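One structure below.
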Number of protein chains: 2
Amino acid sequence: MADQISAAVRRRRDPASTREAILAAARALMAERGPEAMTISEVAHRAGVNRGTAYQHFRTRDELAAAVMHGFGQRLTAMLTEQSPVGERIDRFLAFFVEHPEFARLWIYDMLASPDGAPSDSWRVFVTTLEGFAQASDTQPGIDPEMLARILVGAPLFWSLWVQKSTVDDDDRRRAVARFAREIKRLLLFGVMKPEQWTSMVSELDGGEGAQ
Amino acid sequence: MADQISAAVRRRRDPASTREAILAAARALMAERGPEAMTISEVAHRAGVNRGTAYQHFRTRDELAAAVMHGFGQRLTAMLTEQSPVGERIDRFLAFFVEHPEFARLWIYDMLASPDGAPSDSWRVFVTTLEGFAQASDTQPGIDPEMLARILVGAPLFWSLWVQKSTVDDDDRRRAVARFAREIKRLLLFGVMKPEQWTSMVSELDGGEGAQ
DNA sequence: TCCTAAATCAACAACACTGTTGACTAGAAT
DNA sequence: ATTCTAGTCAACAGTGTTGTTGATTTAGGA
């Protein structure tokens, strides 16, 4: 690619929004083809910015990537710390990845790359939550929160990749969430919770019987 | 990197094993940093082969990548079609990814890239198996095999990433498999199977109670 | 034993990306 | 109004990658 094709319209000066545009383009690109494949050239092109401008905001390619991952971790932690009943929580968790596919993908790419397995803050938050859950009186004894956490994150992440490719409209996606949530809830309800103490969830599952 | 550093020792002529060495190096590299990041230069270097030789065996970079993925799909399907009781099957499935980390990683990378969501043959094999399972009389009615398949593949895949980073010796890994298998089995036993018809699995779970 | 097809390799051109530099200019400060 | 800081941009050198070509060597058949 030539350094600049043509269209020598100078960008209106606005550092903050320029920075945000660069970050957004980088995030999208990293999610699409992986952090490794993110290129300053393409980021700048997508953001409608000169490549040199990107280097003004982020000293190196790696610094830009790190900035993206930082913002990502913050957002993720925020999502994981929102409190609500188990059932809704699952729905929100799934919906989040369906509505923000790039977050699921970024998380996956990060797990593939990072030495310890997950954006550490977010992960600790999640495991801690599950530890509380496992020790409550309405769940079965002998649950391994760390392993359960792996299941409850890994399965939705993997599933969300499929949702991205196989759904076209919002209705599709809502149905996909319901379908997957139902299986997850069944497993949780009978595998880790004490169903007799969660009658509303039992009836929710019985009610949605016809779903397919 | 210079085209060739030095060490002008000519490789002993042996096309078959050369090809295999190239494939192995490519597979390792693709699994490590993703298919996109695999370069012929590095593959050739790792395989101890001249870059030109690699081009002799595989016309283009993409052809090499495709060859790797083809072999991967075959191996995966073979693994998925091996028959055995549910419990053992889970153990084998987990052990496979722990013993061959590059397969888990390749599968994930492939899902991230492929438009339809999975190495199609292997996936169909797996879902078909689960369909049979879901219709048997010793499992609960109303199971969604496709969704269950996403869970039963996704969770182990991501878990295995963690295992790779957090275990050092074979004993560690055996313990990790046992720990995760226990959670998966509990979920399955109570969430999709009829426990009263799977007494041996129930007692296996009760027995391993002390596991941590 | 000799010959030849094929395997191995080094060097080349074309290209993309990285990080740097210096020019240009818009907006803030004086 | 003038100055000056800093946002924006084009061009440069350096490096790594791709795919190609032609030289060199060796395994194995005639």
Side-chain angles (χ1 to χ4, degrees), chain A residues 1-30 32-69 109 113, chain B residues 1-30 32-69 109 113:
Chain A
M1 214 189 302
D3 240 348
Q4 208 64 14
I5 325 94
S6 57
V9 271
R10 210 180 180 85
R11 185 183 177 81
R12 184 168 194 83
R13 188 171 293 191
D14 181 353
S17 86
T18 296
R19 186 187 160 93
E20 195 41 53
I22 292 170
L23 274 173
R27 180 167 48 238
L29 253 158
M30 288 169 68
E32 274 171 37
R33 301 206 303 266
E36 310 259 359
M38 184 264 289
T39 251
I40 300 273
S41 301
E42 196 165 355
V43 167
H45 184 71
R46 283 208 198 182
V49 163
N50 185 280
R51 212 168 53 81
T53 300
Y55 275 100
Q56 189 79 7
H57 289 267
F58 303 93
R59 297 237 296 280
T60 70
R61 202 202 81 104
D62 284 355
E63 195 172 293
L64 171 54
V68 167
M69 290 315 290
Y109 276 118
Chain B
M1 214 190 304
D3 239 347
Q4 208 64 13
I5 326 92
S6 57
V9 271
R10 210 182 180 84
R11 186 184 176 80
R12 187 177 190 82
R13 186 171 294 192
D14 182 352
S17 85
T18 296
R19 187 188 160 93
E20 195 41 53
I22 294 169
L23 274 173
R27 180 168 46 237
L29 254 160
M30 288 170 67
E32 273 171 38
R33 300 206 304 268
E36 310 258 359
M38 184 264 290
T39 79
I40 301 273
S41 300
E42 196 164 355
V43 166
H45 184 71
R46 282 207 198 184
V49 163
N50 186 280
R51 214 168 53 81
T53 301
Y55 276 100
Q56 190 79 7
H57 289 268
F58 304 93
R59 295 238 297 282
T60 70
R61 203 203 80 105
D62 284 355
E63 195 170 291
L64 171 54
V68 167
M69 291 314 292
Y109 275 119

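First the proteins, then the strands, lettered A, B, ... as listed; each starts at 1. A quick note: this is a predicted structure, and the numbers were derived from the prediction, not measured.
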Subject >> Donor-acceptor contact below 3.5 Å, side chain B:Thr39 vs main chain B:Glu42 >> reply: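 Checked: pair present.
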
Original post:
Quick one: does A:Arg51 reach the base of C:dG19 with a side-chain donor-acceptor pair under 3.5 Å?
Top reply: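 For A:Arg51, whose side chain was compared with the base of C:dG19, there is a donor-acceptor pair (under 3.5 Å).
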
Rounded to whole angstrom units, what separation is found between the [atom1] atom of [X] and the [atom2] atom of [N]?
{"X": "A:Arg61", "N": "C:dA16", "atom1": "CZ", "atom2": "P", "result": "18 Å"}
{"X": "B:Tyr55", "N": "C:dA10", "atom1": "OH", "atom2": "P", "result": "16 Å"}
{"X": "B:Arg19", "N": "C:dA6", "atom1": "CZ", "atom2": "P", "result": "16 Å"}
{"X": "B:Glu36", "N": "C:dA16", "atom1": "CD", "atom2": "C1'", "result": "15 Å"}
{"X": "B:Arg46", "N": "D:dT17", "atom1": "CZ", "atom2": "P", "result": "13 Å"}
{"X": "A:Asn50", "N": "C:dT20", "atom1": "CG", "atom2": "P", "result": "15 Å"}
{"X": "A:Phe58", "N": "C:dT20", "atom1": "CZ", "atom2": "P", "result": "16 Å"}
{"X": "B:Gln56", "N": "D:dG19", "atom1": "CD", "atom2": "C1'", "result": "13 Å"}

Would you say a side-chain N or O of [X] is under 4.0 Å from OP1 or OP2 of [N]?
{"X": "B:Thr18", "N": "C:dT8", "value": "yes"}
{"X": "A:Thr53", "N": "D:dC9", "value": "yes"}
{"X": "B:Ser41", "N": "D:dT18", "value": "yes"}

**OP:** Between A:Gly52 and B:Ile40, name the one whose nearest nucleotide on DNA chain D is closer to the 5' end.
**Re:**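 That would be A:Gly52.
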
Subject >> 5' precedence on DNA chain D between B:Met38 and B:Asp14 (nearest-nucleotide basis) >> reply: B:Met38

Subject >> Close side-chain approach of A:Leu64 to A:Arg61, heavy-atom, < 4.5 Å >> reply: no

**OP:** Starting from the 5' end of DNA chain C, give me the residue, A:Arg59 or A:Thr39, whose nearest nucleotide shows up first.
**Re:**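 Comparing both residues, the 5'-ward one is A:Thr39.
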
If you compare all heavy atoms of [X] against all heavy atoms of [Y], which two are closest, and at what distance to 0.1 Å?
{"X": "B:Glu63", "Y": "B:Arg59", "value": "OE2-N, 3.3 Å"}
{"X": "A:Arg46", "Y": "A:Ala25", "value": "CB-CB, 3.9 Å"}
{"X": "A:Ala21", "Y": "A:Ala47", "value": "O-CB, 3.7 Å"}

